[in-house]
Structure formats: C-alpha cells, structure tokens
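The sequence lines fix the lettering, A, B, ..., with proteins before strands; numbering per chain opens at 1. On a predicted model such as this, the values are computed, not experimentally measured, just so you know. Reckoned from all heavy atoms, side chains included, excluding hydrogens, waters and symmetry mates.
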Amino acid sequence: MQTSTDANIEMLLTDLSDAQREAVTHTDGPLLILAGPGSGKTRVVTRRAAHLACTVTDPHRILAITFTNKAAKEMQARVDVLGVANGMTVCTFHALCAKLLRWHHDRAGVPKNFTIFDRDDRRKLIKKTLVRCNLASENWSPASVEQEIGRAKNAMLTPEAYAQNYGDYQSRTYARIYETYEKLLTEMGGLDFDDLLMRMAMTLDRDGELRTELENRFHYVLIDEYQDTNAAQYKIARLLTRDRKNLCATGDPDQSIYGWRGADIENILSFEKDYPSASVVRLEQNYRSTKRILAAADSLITGNTQRKEKALWTENDEGVPVRVIAFESGEAEAFGVAQDIARQTRGGASLRQVAIFYRVNSLSRVIEEALMREGINYQIARGVEFYNRKEIRDVLAYIRVLLNPADEIALLRVINTPPRGIGATTIGRLTAAAQTAGMRVIDALMNEEILSGLGRSAAKVRVFGKLLSNLTAALELSPPKALEFVISHSGLRAMYKDEGDGDDAPRGNLDELVSAAAAYHEDNPEATLIEWLEYAALVSDVDAVAEDVDKVTLMTLHAAKGLEFDIVYVLGLEDGLLPFRRDFGGLGSEDDTEEERRLCFVGMTRARKGLTLTRARYRMMRGITQRTVRSPFLDELPEDGVECSEQGGDSGARRAGRRQPVDHGELPADVAEWTVGTLVEHPLHGLGQILSIHRGARRTHVDVQFKDGEKRSWVLEFADLKRVDFDDVGDAF
DNA sequence: AATATTCCCGTTTTT
DNA sequence: CGGGAATATT
C-alpha cells in the first residue's frame, strides 16, 4: 500500500521544474504562487491538490475556487485523471456562496428558495425602487444607481453603513434608494450577484460557529486568479482559513483585469503581509509562447509603473515575428483576419487552435460576417447571451415563480406572457392593491377580495392563478422534464411556435434549453430544479466555448483569461478602444490605462505560436465612422521580432515620404476587403457580384457579374466600384 | 389590449 | 447601429 502511494507521489512530481515542485510539495501553511502566463500554473495546482490528497488529507477536505465554471470543470477533470483526488470541491466563488447560503439559509438569514437576480433583474428592480422612492429616473439614472449599489456591495457596505459614510444630498438619496432596493429585494426573496458574496462574507463574520464548521470541513483552500478577488471574496478567503491558514492563492498581478467590478489588486500584493508565514513561489518560466511573443508581451507590460518586477523567460523557439497590421476599416480588418486564417488553415493549422479577441463585444459582428463569407466555422464565447434571450428568460421566470412565489420580477414577467389579456392597467391595479393590503402580488392574485376590485379582468387573472397552481406539478420533476412541462403547459411553446427565422428561432432555443438541462441532469442526476436554476443563473460567457470542435473561437479579452491558443488575433489596437476610454477628449485616469495594458497583456500571452495585432484606420462605432489613432500600446512593443505592416495611409508613419515595403503580401489592406462573392456597386451598371479576382504584383483584376446579366472586368484600383454590404441588398441575388 | 411604429439614448469589460 | 421604451394605430 505504502509503495503504491509512494509511486503515486513520484508520478505527481515528474516533469516539474524546481519552482513547480516546491509549490506542489508544499503542504501546510499559507502559500502564494505568483504565476506568470503560461507557467504551468494549472498543472501545478492540480498536482498539488492531488499531492495533498495523497499525503496529508482527504480529497473532500480540499476546496478549490476558480474564476469560471469552465475553469472549475477543467480542473476537476484534470484532477480526476490523476485518479487520487476524487471528491474535491471545485467551483466558483459565486457558486460556492450560493450553495452555502442555501444550505445554511437559516443561519445566513436568507430564504431557502431564494432566487438569483442578474443584472437585468437588478435594473428592473431599480426602476421599481425609484418609483417607490418618488424619484424621477431622469435625475437618478438607473445606470448610475446600479453602479452605486454595486460599488456599495462590493465594498460590503450595508445600506446603514453606506448612509453613515456621506452626508451630501446626492449620497443621502443614494442611501435611501439602496435601502429601499434592499427592502424590495428581501421581500422578493432575491439575492443579486453581489449579495451572494457579501452575504456569505457577512454570515461567516457574524456566525463563528458556522465559520468553524466550514473550516473543519475544508482543511485546504485553494483560490485561483487571486489578483481578481474583491473585498467580499477576500474576506471569505480569510475567514475560511483563519485558524489553519492553509490558503494557497495563485495569480498574477499583471493579469488583474477586473478592477472595475471591485477586484482589488492589493489582495494579492499584500498576501505576505496578511500571512507573514507565507511561502512564496514564483513561476516565471513560460512553457507556452515563442520567445518573440513573450518578448512583445513583456515589453508592453513593462510600461506599467505600479508593478512587481517579474522576469519572464522561455526556452521555447524564437518563432515567427509578431505582426502588427493596419487596415483601412473595421470591415477590411475583419476580412483580412478571416483570409489570413483561411490561409493558415490551408497550411495545416486547425481552426480549433485559432482565437480572435477584441475589447468590446460589438466588434464581433463584422468578424462574424467576414468569417461567414469566407466559409470559416466559428464559435463565440457568449454563454450568458443564450440565457438572456427573451424566450429563455420567459421559461426561467416561470421556474423562478414556481420555486419562489415572492419573486415579483419574475411573476410580472410571466403574468401576461404569453398574452392572456392581462394588460398594464390590470397589472397596475393588482400591484397597487397588493401594496395597500400589504400582501405579495402572488397572494393578491389568488385573493378573491382583491380580485373583485379588478372588474372584468378578474376572470383572466384567475385563469393565470390556476395556471400557476397547475404548473407546480413541475416541481416534482427532474430539471429537463420540469422545463418541458412548463414550456408546453404555460403556452410558451405555442406562442413561439411559428415565430422566428433561421438558426436563432425562439422555438429552437426552447428545445436547446431542454437539451442543455438534460445534459446537466446526466452529469448531476441528483440535482434538483433549484440547483439547475442556480447553475443557469451563474453561467458565464466562456462556459459556452467548446474545445472539441473545429472552429475559430471569438471572445472578449476579458473572457480570454486562463485560455491558450496556437494562433491569436487581437483586434482594434486603437487609442480609446484598447486602451479603452469612455471619455474621449476628457481627462482619462492613469490607473485605467494600466488595467487596459494588463488586459492587452493577457490577450497577447494567450498565444503559443502566432500573434497578430490589428487596427483599423477608420472604425464605425454606434453608427458613425471615425478616424482612429493607433494605440499607444503598439509603440511599447519591441522593434525586434515585431513586424509592422502599416501600408498606405499616413497615421503613425514612421518614415514620412517613404512607402513601407510590404514584403509579405498576404494581407494587402486595401485589397483585402475585395473577395469572390463580394457585392459591389458601379455608378453606371448598378449592383454586381465579384466572380473572380486575380492579384498581380502591382494590379488586381476583377471580374464582376452584374444584375443586368452582363459580365465586366476591371483593374480594381481604377474601377469605380464600391463595396456594398450584404444586408443592404437583401435577396437581390 | 395587442400590435406597429417611431424615437431616443447609450455608449466596456462580467460573476 | 441597435435595443428598449414611449407613442400611434387597430
């Protein structure tokens, strides 16, 4: 027995560097792993968990907290492969808190069946709150209230604490709004995202017994991406490890990119102060990227002043140069990238290993179109979007009401969905009557006395009440069956039956929801409906990316954290976009630039072999095309190992008057937006479509098929052709 | 009450 | 540009 364990341990330590081994074999006491990008952190962390399980503890005494569900799933899988740590708890902070709060609901002071309010719900509730407070939303914009409440909760300020902090009129009003918001939220049995963390932190703080109980349950706690923890998460981490101090934090200050939502980089920077006995392991060797990619990223991040020096190095090959390419427009950029990908793929690269990153989601549209036209398969990391679709939210709202009848936001969503003749007037009367009577809306609509005050509409409301009680039968079913039951009996399926066009038809999405729940049920046969709902509420964007499909992956830079690809494109390196600034023209704050730089660093360091940074000289955003300025980040890259194609134009021209030679002709910016199939317009001949295109050394020849049946040829540079957007033409062809 | 239409606004990133 | 809300129409 002993020998087999020894053999296991031996196995866990193979192929590790000295630093990695040190981290893996560390057992008791606080440990900080400062892990640069691509330094084998995941491997170290999983081996360490397995090592702990083999030597000093049981797997079920280990708690690992990750940043996304996808990361949790991956870590779980990698630990499972090692075969010695089955039974570990691996989840995100939010999922952990949701589970613990539900499990210990009585001690946390939350309802057993609380429902999770997402951003959309929060907005709706804020609007209701403003009405309740008699404040005009013109003066108190829901957006600013949202931000303020979020800030308060991230700082773990209750309404009372918040109110004590400031005395001016604006803050006092915010305090009043926050207080009312909390009151309504509590009445509805809801917890918003921030509550999950804040309530858990406060409960642990207050309830020493529970804290002890949990520390006795989890002897070893491991927190990944520690640089992105906020005040509440930090508090939870500290409280869970107060006595044993077996906290292993891993992270990289250079990859802290969530300051805007309350993450405090200080948490990781002051780890050694918080835990004076801490061991610190630095993982600085990069096993992922080529020398050139790493050098470029390192050169960029050096621009940050508030930073712990870190020496990144790699024994990997030099690799091909990092490319910086300027295109004329966002469309040209998208097509250029799409064509480049097509070329790389012809050279044998797999689409699975290609990723496109951008700063804002709105950039994904153009790229999608370009990829589609080039016939390149792609997937977009937007798991949340699916659950935000109207028809999906409808279903979830029904489920929410069934599980938590106090959830008025959900109730009011479904009361007339599908339309059943309960209009705004009736709803207004009903909610008003409920409020005067001091009842919940759900009780009011089942209350004959109140119904009698509704006149003719009472009958319709009664029907709805009856429907809800019929639907409660779903509560006895497994998640997929419950969904199916609700979708068919609520009338949602009938309502969406003949609506929709193509692949994002509501109907198909409803089916997909059921399938997703069925898959969940397979993986978690014991899980109840409310657990599924919780899971659905905490889905993140990256959770939706599949690894086993041959598709290019598109995502925001934020979503890219923790991932890696052979070939990476980062789009939109323009001043104001990356680094992003909301206040063009105003004074931007310096701290933001540092976080933006880290974000760019994260994106660049995802690449193993190929890295391309692109920008557009003109970019259309929210309807208007504007000239852009190249990102200052581009000037922070080394000259060595970086290849710039800034052909044409004059922005950022380094040698004025002299044309930069374009040696690698793969991506001629001006021509890139002209491809076979491109729709064009000619002043004389009208609409046409490019039949073929021949690129010569100096000229490009095109053949165009026109709508009038004629075929005509030009030298592209001299033809008076204009590109036409596909959408503008409809089914002209 | 339901649907069709216009208009107006806000502009990151997300658990 | 695009979504949501206010407004016009049936």
Original post:
Do A:Trp260 and the base of B:dT13 stack face to face, with centres under 5.5 Å apart and an angle between planes under 30°?
Top reply: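 Taking the rule of under 5.5 Å and under 30°, the ring of A:Trp260 does stack on B:dT13.
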**OP:** Indicate, yes or no, whether a donor-acceptor pair under 3.5 Å links the base of B:dT14 to the side chain of A:Arg119.
**Re:**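 Pair found.
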Categorize [X] for me: base, sugar-phosphate, or nothing, with a 4.0 angstrom heavy-atom threshold over every strand shown.
| X | value |
| --- | --- |
| A:Asp541 | sugar-phosphate |
| A:Ala537 | nothing |
| A:Gly623 | base |
| A:Lys460 | nothing |
| A:Tyr258 | sugar-phosphate |

[X] [atom1] - [N] [atom2] separation (whole Å):
| X | N | atom1 | atom2 | value |
| --- | --- | --- | --- | --- |
| A:Lys561 | B:dT13 | NZ | P | 16 Å |
| A:Gln147 | B:dT14 | CD | P | 16 Å |
| A:Ile624 | B:dG10 | CD1 | P | 15 Å |
| A:Glu225 | B:dT15 | CD | P | 13 Å |
| A:His94 | B:dT14 | NE2 | P | 13 Å |
| A:Met555 | B:dT15 | CE | C1' | 17 Å |
| A:Met621 | B:dT13 | CE | P | 9 Å |
| A:Asp120 | C:dG4 | CG | C1' | 11 Å |

Is the phosphate of [N] approached by [X] (side-chain N or O, under 4.0 Å from OP1 or OP2)?
| X | N | answer |
| --- | --- | --- |
| A:Thr425 | B:dA1 | yes |
| A:Lys127 | C:dA5 | yes |
| A:Thr92 | B:dT15 | no |

Subject >> Taking every non-hydrogen atom, the tightest pair across A:Asp194 and A:Arg122 >> reply: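 Taking every non-hydrogen atom into account, OD2-NH2, 2.9 Å.
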Report the nucleotide, chosen from [options], that has the shortest atom-to-atom distance to any side-chain atom of [X].
| X | options | result |
| --- | --- | --- |
| A:Asn416 | B:dT14, B:dA2, B:dT12 | B:dA2 |
| A:Met620 | C:dC1, B:dT15, B:dT14 | C:dC1 |
| A:Pro419 | B:dA2, B:dT12, B:dA1 | B:dA2 |
| A:Arg365 | C:dG3, B:dT12, B:dT3 | C:dG3 |
| A:Asn361 | B:dT13, B:dT12, B:dT15 | B:dT13 |
| A:Thr556 | B:dA1, B:dT12, B:dT13 | B:dT13 |

Original post:
Taking the same atom, P, in C:dG4 and in B:dT13, what whole-Å distance lies between them?
Top reply: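 Each nucleotide's P atom is 15 Å from the other's.
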Original post:
CZ of A:Phe218: more than 12 outside heavy atoms within 6.0 angstrom?
Top reply: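 Result for CZ/A:Phe218: enclosed.
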**OP:** Verify the neighbour count for atom NZ of A:Lys73: are there more than 12 heavy atoms of other residues, nucleotides or ligands below 6.0 Å?
**Re:**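 No, not enclosed.
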**OP:** For A:Gln227 and A:Glu225, test the side chains for any donor-to-acceptor distance below 3.5 angstrom and give the result as yes or no.
**Re:**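 Indeed, the side chains of A:Gln227 and A:Glu225 share at least one donor-acceptor pair under 3.5 Å.
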**OP:** For A:Phe580 and for A:Thr68, find the nucleotide of DNA chain B with the closest heavy atom, then tell me which residue's nucleotide is more 5'.
**Re:**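 First, find each residue's nearest nucleotide; the 5'-ward one identifies A:Phe580.
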Original post:
Of A:Val384 and A:Ile422, whose nearest nucleotide on DNA chain B comes first from the 5' end?
Top reply: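 Taking each residue's closest nucleotide, the earlier one in sequence belongs to A:Ile422.
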Original post:
Got a donor-acceptor contact below 3.5 angstrom from the A:Asn304 side chain to the A:Arg307 backbone?
Top reply: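 Such a contact is absent between A:Asn304 side chain and A:Arg307 backbone.
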**OP:** Anything under 30° is parallel, anything over 60° is perpendicular, the rest tilted; go ahead and classify A:Phe67 against A:Tyr258.
**Re:**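 Tilted: the ring planes of A:Phe67 and A:Tyr258 meet at 30° to 60°.
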Subject >> salt bridge (charged side-chain N to carboxylate O under 4.0 Å, His left out) evaluation trace for A:Arg382 with A:Asp541 >> reply: CA-CA 4 Å; A:Arg382 54 177 174 198; A:Asp541 276 335; over 6 Å; no
